[in-house]
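Ligands are counted one by one from 1 in listed order, and the atoms in each one are counted from 1 as well.
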Amino acid sequence: MSAQPTKLEPLAIHGGTPVRDKLLPYGRQSLDDGDIRAVVDVLKSDWLTTGPKVAEFEEQFAAWVGAKFAVSFSSGTAALHGAAFAAGLGPGDEAITTPLTFCATANCVLYQGATPVFADVCEDTLNLDPREVSRRVSARTKAIIAVDYAGHQAALDELRQIAKEQGAFFIEDACHALGAECGGKRVGSLADMTVFSFHAVKHLTTGEGGMVTTNGARLADTLRRFRNHGIGGGARERQQSGQWFYEMGMLGFNYRLTDIACALGLSQLGRLEANLARRREIAAQYTREFRDLPMLLPSVREGVAPAWHLYAIRLKLESLSVGRGEIFRALRAENIGVNVHYIPVHQHPYYRERFPANRAAFPIAEKAYEQLISLPMFHSMTAKDVGDVVCAVRKVLSCYAGKGGRASTGVPDGSG
Ligand SMILES: Cc1ncc(COP(=O)(O)O)c(C=O)c1O
């Protein structure tokens, strides 16, 4: 049962009129005619799979982020797997990462037979806390995998230093952070390997797709082989040189991104700056509008320009009469497509069963999870879309604010 609102305007969840007629998703792609033409051109060409567009996309992407090499993959998850492989992770090794991420970040460690070790996050950015990482470093630590939560860079300098002292690889999962900057430098060359995703809700999409960028020539070579069954060179190079011979020197996968996808990626790359600018505008507007509401707004550290993949608020549950689940459902009823990022990885049944020692071990990530709601954030949002989100959030939170609070139960509320 829903608690009753106090304001005159009834919430949609209580039978009132929703702020919008149609659901506004929390994220979505935007494609233009140029994107469609680029894909159709490839469909009419000789190469659908690993043709000229792959190399072109990789070169332009590397240049855009400021890295020497970029190696494309069929998804961000496959790219993470490639990075875990190239870092040499194997049975007996550990990789330290954050629990507040999509499970793919930790799964890539398991794919290699190694063990993910979680460390808690910083209260402000919800990114991996270097002090917590230091406490967990051991002779087994072979990699540190930071995530730039919501598009705000992790503490890359400190984490890189810890990895260096340990002789471990530093991998940055920048699936949220394409275009994020710190001290004027873009993510992409600030870790041994940086991983990106081109899923439809990301800044640039190829449908599914991913990329690893690196300044290491050997790492790039390993990554290229890994995504192609462990074989060096591609079918196109062999065709061009009139050769049939190839050798498989290691066990790899088919994680190749197609020419169709890379043509889309290339076309989207041309609009990336504009997309980022629009996301920054939307974030600034949310921040202005929500200052007086019972929520913690995303923090931005000095010198950082986040890429704003997400705009994730944390509800001040002690100042609200209902829990996160009710607020979530009320916003959905207003047709605002909110979401929650993330159920901490160690709380998923698969991880709970295999790593029982992790239970209730990361208080900041666990508390944040109970408070988090991601508001719609995508570059093609119109002024009306943004206005509707502001209106619905104000409507719902003013209705439930200031009623003495509701103590946290410590259990998930099933809001998804
Ligand atoms: C932080 C993070 N890492 C990894 C991934 C996996 O990327 P993909 O969906 O492209 O496999 C995602 C996807 O959303 C993500 O958010």
Side-chain angles (χ1 to χ4, degrees), residues 25-29 57 61 70-85 87 95-112 116 118-119 121 125-128 143-154 156 159 170-180 187-188 191 193-213 223 226-227 253-258 261-262 264-265 268 279 298 306-312 339-346 348 351 365 368-369 372 374 377-378 416:
Y26 92 90
R28 66 165 280 128
Q29 73 278 15
F57 183 40
F61 190 89
V71 181
S72 60
F73 280 82
S74 52
S75 68
T77 303
L80 277 167
H81 189 186
F85 176 86
I96 303 178
T97 191
T98 165
L100 203 66
T101 183
F102 184 57
C103 51
T105 314
N107 290 351
C108 73
V109 179
L110 293 176
Y111 296 158
Q112 285 302 111
F118 297 107
V121 295
T125 59
L126 301 182
N127 280 328
L128 206 47
I144 295 173
I145 309 177
V147 171
D148 302 320
Y149 179 79
H152 185 297
Q153 277 166 324
L156 301 182
L159 293 167
F170 181 41
I171 299 170
E172 184 182 0
D173 176 341
C175 287
H176 294 187
L178 177 55
V187 300
M193 287 174 276
T194 309
V195 177
F196 298 92
S197 161
F198 306 136
H199 178 269
V201 297
K202 301 297 198 299
H203 303 74
L204 174 163
T205 190
T206 57
E208 297 281 359
M211 192 77 87
V212 183
T213 56
L223 290 161
F226 182 76
R227 65 135 186 236
F253 290 77
N254 178 354
Y255 279 159
R256 296 184 303 254
L257 193 59
T258 64
C262 288
L264 180 55
Q268 294 245 316
R279 283 174 184 261
W308 297 108
H309 165 54
L310 302 173
Y311 192 93
N339 211 326
V340 172
H341 298 92
Y342 287 99
I343 299 170
V345 179
H346 65 285
H348 285 291
Y351 279 87
Y369 165 54
L372 280 165
S374 304
M377 168 58 87
F378 52 96

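- With hydrogens left out, the protein atom closest to atom 3 (N) of ligand 1 is Asp173 OD2, 2.7 Å, a heavy atom.
- Of the protein's heavy atoms, Lys202 NZ, 2.7 Å lies nearest to atom 14 (O) of ligand 1.
- Heavy-atom contacts of Thr105 reach the following atoms of ligand 1: 3 (N) (cutoff under 4.0 Å).
- The protein atom (non-hydrogen) at minimum distance from atom 11 (O) of ligand 1 is Thr77 OG1, 2.5 Å.
- Ligand 1 places these atoms under 4.0 Å from at least one heavy atom of Thr101: 1 (C).
- Among the atoms of Leu80, none of the N or O lies under 3.5 angstrom from an N or O of ligand 1.
- Looking at Tyr342 against ligand 1, only its side chain comes within 4.0 Å, counting heavy atoms.
- Taken from CG in Asn254 to CZ in Arg227, the straight-line distance is 10.0 Å, to the nearest 0.5 Å.
- Ring to ring, Phe57 and Phe198 are close: their centroids are under 6.0 angstrom apart.
- The six-membered or imidazole ring of Tyr342 lies away from that of Tyr369, with a centre-to-centre distance of 6.0 Å or more.
- Protein heavy atom closest to atom 12 (C) of ligand 1, with residue, atom name and distance, is Phe102 CD2, 3.7 Å.
- Taking the six-membered ring for Trp and the full ring otherwise, the centers of Phe102 and His199 sit at least 6.0 Å from each other.
- Aromatic ring orientation, His346 versus Phe118: tilted (interplanar angle from 30° to 60°).
- Contact atoms of ligand 1 toward Ser197: 7 (O), 8 (P), 10 (O) (distance under 4.0 Å to a heavy atom of the residue).
- Listed by number with element, the atoms of ligand 1 under 4.0 angstrom from any heavy atom of Gly76 are 7 (O), 8 (P), 10 (O), 11 (O).
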Practice prompt. Dump the intermediate steps for side-chain contact (heavy atoms from CB on, under 4.5 Å) on Phe73 and Val195, then the final yes or no.
Written response: CA-CA 10 Å; Phe73 280 82; Val195 177; over 6 Å; no
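- If you number the atoms of ligand 1 from 1 as listed, the ones under 4.0 Å from a heavy atom of Ser75 come out as 10 (O), 11 (O).
- Of the protein's heavy atoms, His176 NE2, 2.9 Å lies nearest to atom 16 (O) of ligand 1.
- Aromatic ring centres of Tyr26 and Phe378 lie farther apart than the 6.0 Å criterion allows.
- Using cut-offs of 30° and 60° for the angle between ring planes, the Phe226 and His81 rings count as perpendicular.
- Residue nearest to atom 4 (C) of ligand 1, selected from Cys175, Ala150, Gly209: Cys175 (by heavy-atom distance).
- Residues Pro298 and Tyr311 have side chains in contact (heavy-atom distance under 4.5 Å, counting atoms from C-beta outward).
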